[in-house]
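Values below: all heavy atoms of this structure, side chains included; hydrogens, waters and symmetry mates excluded. Residue indices begin at 1 and follow the sequence shown. Worth saying up front: this structure is predicted, and the values here are computed from it rather than measured.
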Amino acid sequence: MPSDSKTVRVNIPGHDYHITVLPGLLSDAGPHLRALTKSQKAAIVTDSHVAPLYAATLAASLESAGFQTITATIPAGEQHKNLKTLSTIYDQIIPFGLDRSTPLLALGGGVVGDMTGFAAATILRGIPFIQIPTTLLAMVDASVGGKTGIDHALGKNLIGAFHQPLAVLIDPDTLKTLPPRELRSGLAECIKHHIIRDAPGFAELERNIFRAIAIDVDYLADLVAHNVAIKARVVENDPLENSDRAHLNFGHTFGHAIETVSNYTYSHGESVALGIIAASRMAAMLAMIDPPAVDRIVNVIAAAGLPTRGLTLPVDNLLACMSFDKKARSGRIRFVLPTAIGSVTIRDDIAPDLVRAAVESLR
Ligand SMILES: NC(=O)c1ccc[n+]([C@@H]2O[C@H](COP(=O)([O-])OP(=O)(O)OC[C@H]3O[C@@H](n4cnc5c(N)ncnc54)[C@H](O)[C@@H]3O)[C@@H](O)[C@H]2O)c1
Ligand SMILES: [Zn+2]
C-alpha cells in the first residue's frame, strides 16, 4: 500500500473493519475489494449527481479485479431517502442474482450510504456492504458507526438498522467536485468532533481551516483520517448509543430545530454550526466553560464559512421543536455541553430561560 495511505481500524466486537484514506483510491478499489471478498459480483449504488462523475471509474477498477458489476442509480437528495427509492434499489439489484456474499458498494454522500447500508442490512437478511463516501460529511461522519436507514413522512431516519460495513474506502480527490456549501457542512462535523474530544486537533484545525476551504487534498486527507479516528473511538466505546456516543449530538439539539423550523433553508452543517455556538454559549452562561474558549469556537466556525449569527427564525417555534426532538428523554431536553475545548458533558436540567437566551444569542 502506498505510504500516503492512512488506515483507521474500527474495533467493534464481531465487526472489525478498516477505513482507508488515500487520494486516487477510487481507481484502485478493485484490488482492495478483492482482498476482502471471494465474491464474483459487486453491486454499486450511487446517485444521479455522483454517477456521471465517479461510477465508471469505480466499475472499471472492480471489473479489472475480476468482479462482474451492476450500478443502481437513485435520484440525488434527502427528499428521496425513503421507502419508494429503497424499493427501486431492490428492484435494480435483486435481478442481478445476489448471494449472501455479494457486496453492495455505497458510492456517494450520506444519503446513498444510509440507504445502501439499509438495503444491505435487509437483502437476504444481511449482505456485506462497503462505504465509498464522496462528501466530507459522509467521510467523517455518516460512513463511520454502522447507522443505516431511511426517512419517514413523520421524521428523519425513523426506519433503519445498525449494519457495520465490511470496509470504508475514502478517496479525498472526490472532494474536488463537491459544491462548497456541502464541503462546509462536513467541516461543521469536523469542528464538532474536535470540541468533544480533541483540544490539540482543534488548535491544528484553527491554523489550517483555510486549507480545507481551498480543497488542499493533502490536508483534507489528514483531516478526514483524523476525524474518522475520533468518531471510531467514540463508536467503539458505545456501538449502540447507550451512553457516550450521544456526545456526537453536540450542537444537534439546537441544530435539528433550526434545520426543521427553517424548512431546511439552513443546511445540516449550517444548523449544527449555529447549534454548536448556542450550546457553547449556554455552557458559558452556566460557568461550565471559559468565555475565551467560546470565542475560539465561534471564530473557527466563521473561518469555515459557516454562519455564526443572523438567525431570524421565531424563537418560540425553535423551543417547541426542541421539546419534540427524538433525543428528549422522559420529558427533559438533553444538551451536550462543552466544559472545555476537547471535552463535553450531558445535562438535562437546563432552565427554559437559559435555552431561550442561548437561541436569542444567535440573532
Ligand atoms: N449514518 C450516520 O451515522 C449518519 C451520520 C450523519 C449523517 N447521516 C445522513 O447523511 C445524509 C447527509 O449526507 P450528505 O451531506 O453527504 O448528503 P447527500 O448524500 O445528499 O450529498 C450532498 C449532495 O452532494 C452530492 N455529491 C456527493 N458527492 C459528491 C461529489 N464528490 N461531487 C459532487 N457532488 C457530490 C450529492 O449528490 C448530493 O446532491 C443525511 O441523510 C443524514 O441523515 C448519516
Ligand atoms: Zn450532524
Quiz prompt | Cationic N near anionic O, under 4.0 Å, Asp316 to Arg356 | solution = yes
Quiz item: For the atom pair OG (Ser280) and CD1 (Ile195), what is the distance rounded to the nearest 0.5 Å?
Solution: 5.5 Å
Quiz item: Could you walk me through whether Asp238 and Arg245 pass the salt bridge (Lys or Arg N to Asp or Glu O under 4.0 Å) check?
Solution: CA-CA 6 Å; Asp238 181 17; Arg245 185 164 177 173; over 6 Å; no
Quiz item: Should Leu311 and Arg363 be marked as a side-chain contact (heavy atoms from CB on, under 4.5 Å) after you check the CA-CA gap, both sets of side-chain angles, and the distance that decides it?
Solution: CA-CA 5 Å; Leu311 192 72; Arg363 287 185 177 284; 5.5 Å; no
Quiz prompt | Working for side chain to side chain donor-acceptor pair (under 3.5 Å), residues His226 and Asp198 | solution = CA-CA 10 Å; His226 192 73; Asp198 184 357; 2.4 Å; yes
Quiz prompt | Non-hydrogen side-chain atoms of Ile170 and Leu22 separated by less than 4.5 Å | solution = no
Exercise. Would you check if there is a donor-acceptor pair between the side chains of Thr88 and Asp91 at a distance under 3.5 Å?
Key: no
Quiz prompt | CD1-OH distance between Ile213 and Tyr219, expressed to the nearest 0.5 angstrom | solution = 10.0 Å
Practice problem: Might you point out which heavy atoms bring Ala119 and Ile89 nearest each other, and give the distance in Å? | Solution: CB-CG2, 4.1 Å
Quiz prompt | Joint hydrophobic cluster, Leu175 plus Leu137, side-chain heavy atoms closer than 4.5 Å | solution = no
Practice problem: Starting at CG of Leu107, measure out to OG1 of Thr116 and round the result to the nearest 0.5 Å. | Solution: 9.0 Å
Practice problem: Kindly work out whether a path of hydrophobic side-chain contacts (I/L/V/M/F/W/Y, heavy atoms less than 4.5 Å apart) joins Ile277 to Met322. | Solution: yes
Exercise. Output yes when a side-chain donor or acceptor of Thr253 lies under 3.5 Å from a complementary backbone atom of Arg334, and no otherwise.
Key: yes
Quiz item: Are Phe210 and Leu136 co-members of a hydrophobic cluster defined by side-chain heavy atoms under 4.5 Å apart?
Solution: no
Practice problem: Check whether any side-chain heavy atom of Pro172 sits under 4.5 Å from a side-chain heavy atom of Val21, and report yes or no. | Solution: yes
Self-check item: Rounded distance (nearest 0.5 Å) linking atom CG of Asp244 with atom CG of Asn237
Solution: 7.0 Å
Quiz item: Are His80 and Asp47 close enough that a side-chain donor and a side-chain acceptor fall under 3.5 Å?
Solution: no
Practice problem: Give the intermediate values and the outcome of side-chain contact (heavy atoms from CB on, under 4.5 Å) for residues Leu105 and Leu62. | Solution: CA-CA 11 Å; Leu105 280 66; Leu62 296 174; 3.7 Å; yes
Quiz item: If you draw a 6.0 Å radius around CG in Leu124, do more than 12 non-hydrogen atoms from other residues or ligands fall strictly inside?
Solution: yes
Exercise. Going by the side-chain hydrogen bond (donor to acceptor under 3.5 Å, both in side chains) test, name the single residue among Thr46, Thr177, Thr134 that passes it with Tyr54.
Key: Thr177
Quiz prompt | Approximate separation, where rounding is to 0.5 Å, of Leu313 CG and Asn263 CG | solution = 10.0 Å
Quiz prompt | Side chain to side chain, Ile130 and Leu104, heavy atoms closer than 4.5 Å | solution = no
Quiz prompt | Polar side-chain atom of Thr308 near backbone of Ala302 as donor-acceptor pair, under 3.5 Å | solution = no
Quiz prompt | ILVMFWY cluster, Phe118 and Phe96 together (side-chain gap under 4.5 Å) | solution = yes
Self-check item: Ala167 backbone acceptor or donor facing Gln131 side chain under 3.5 Å
Solution: no
Quiz item: Taking the side chain from Thr174 and the backbone from Asp171, do they hold a donor-acceptor pair closer than 3.5 Å?
Solution: yes
Quiz item: Do Tyr264 and Ser271 have a side chain donor and acceptor closer than 3.5 Å?
Solution: no
Self-check item: Side-chain donor or acceptor of Thr135 paired with backbone N/O of Gly109 under 3.5 Å
Solution: no
Quiz item: Do any N or O atoms from the side chain of His18 and from the backbone of Thr20 form a donor-acceptor pair under 3.5 angstrom?
Solution: no
Quiz item: Cation over ring, Arg9 on Tyr17, under 6.0 Å and within 45°?
Solution: no
Quiz item: Can you check whether Gly342's main-chain N or O pairs, donor with acceptor, with Arg197's side chain at less than 3.5 Å?
Solution: no
Quiz item: Taking side chain as C-beta onward, heavy atoms only, is Asn299 less than 4.5 Å from Glu206?
Solution: no
Quiz item: Which atom pair, heavy atoms only, marks the closest approach of Arg347 to Asp349?
Solution: NE-OD1, 2.7 Å
Quiz item: Do Leu86 and Asn82 come close enough that some side-chain heavy atom pair is under 4.5 Å?
Solution: no
Quiz prompt | Asn317 side, atom CG; Cys321 side, atom SG - distance, nearest 0.5 Å | solution = 8.5 Å
Quiz item: For Ser101 and Asp99, does a side-chain donor sit closer than 3.5 Å to a side-chain acceptor?
Solution: yes
Quiz prompt | His252 side chain reached by Val272 side chain, heavy atoms, under 4.5 Å | solution = yes
Quiz item: Between His193 and His247, is the gap from one ring center to the other below 6.0 Å?
Solution: no
Quiz item: If you measure from the Lys or Arg side-chain nitrogens to the Asp or Glu carboxylate oxygens, is any gap between Lys231 and Glu189 under 4.0 Å?
Solution: no
Practice problem: Please check if Ile230 and Ile19 belong to a single hydrophobic cluster, counting links between Ile, Leu, Val, Met, Phe, Trp and Tyr side chain heavy atoms closer than 4.5 Å. | Solution: no
Quiz item: Is the closest side-chain heavy-atom distance between Cys190 and Leu223 below 4.5 Å?
Solution: yes
Quiz item: Under 3.5 Å, side chain of Glu236 to main-chain N/O of Arg233, donor-acceptor pair present?
Solution: no
Quiz item: Is the closest basic N to carboxylate O distance between Lys147 and Asp114 below 4.0 Å?
Solution: no
Quiz item: Do side-chain atoms of Thr85 reach the backbone of Lys81 as a donor and acceptor pair under 3.5 angstrom?
Solution: no
Quiz prompt | Residues Asp222, Lys6: salt bridge by 4.0 Å N-O rule | solution = yes
Quiz item: Side chains of Ile333 and Val355: does their closest heavy-atom pair fall under 4.5 Å?
Solution: no
Practice problem: Would you check if the distance from the ring center of His163 to the ring center of Phe129 is below 6.0 Å? | Solution: yes
Exercise. Check whether the ring centres of Phe335 and Phe250 lie less than 6.0 Å apart, and answer yes or no.
Key: no
Self-check item: Full working for side-chain contact (heavy atoms from CB on, under 4.5 Å) between Lys41 and Leu98
Solution: CA-CA 8 Å; Lys41 294 181 175 180; Leu98 305 166; over 6 Å; no
Exercise. Tell me, with the steps shown, if Val228 and Val168 meet side-chain contact (heavy atoms from CB on, under 4.5 Å).
Key: CA-CA 10 Å; Val228 294; Val168 182; over 6 Å; no
Practice problem: Would you please say whether a donor-acceptor pair under 3.5 Å links the side chains of Thr69 and Glu63? | Solution: yes
Quiz item: With distance as the sole test, does Asp16 use its side chain to make a donor-acceptor pair with the main-chain N or O of Pro13 at under 3.5 Å?
Solution: no
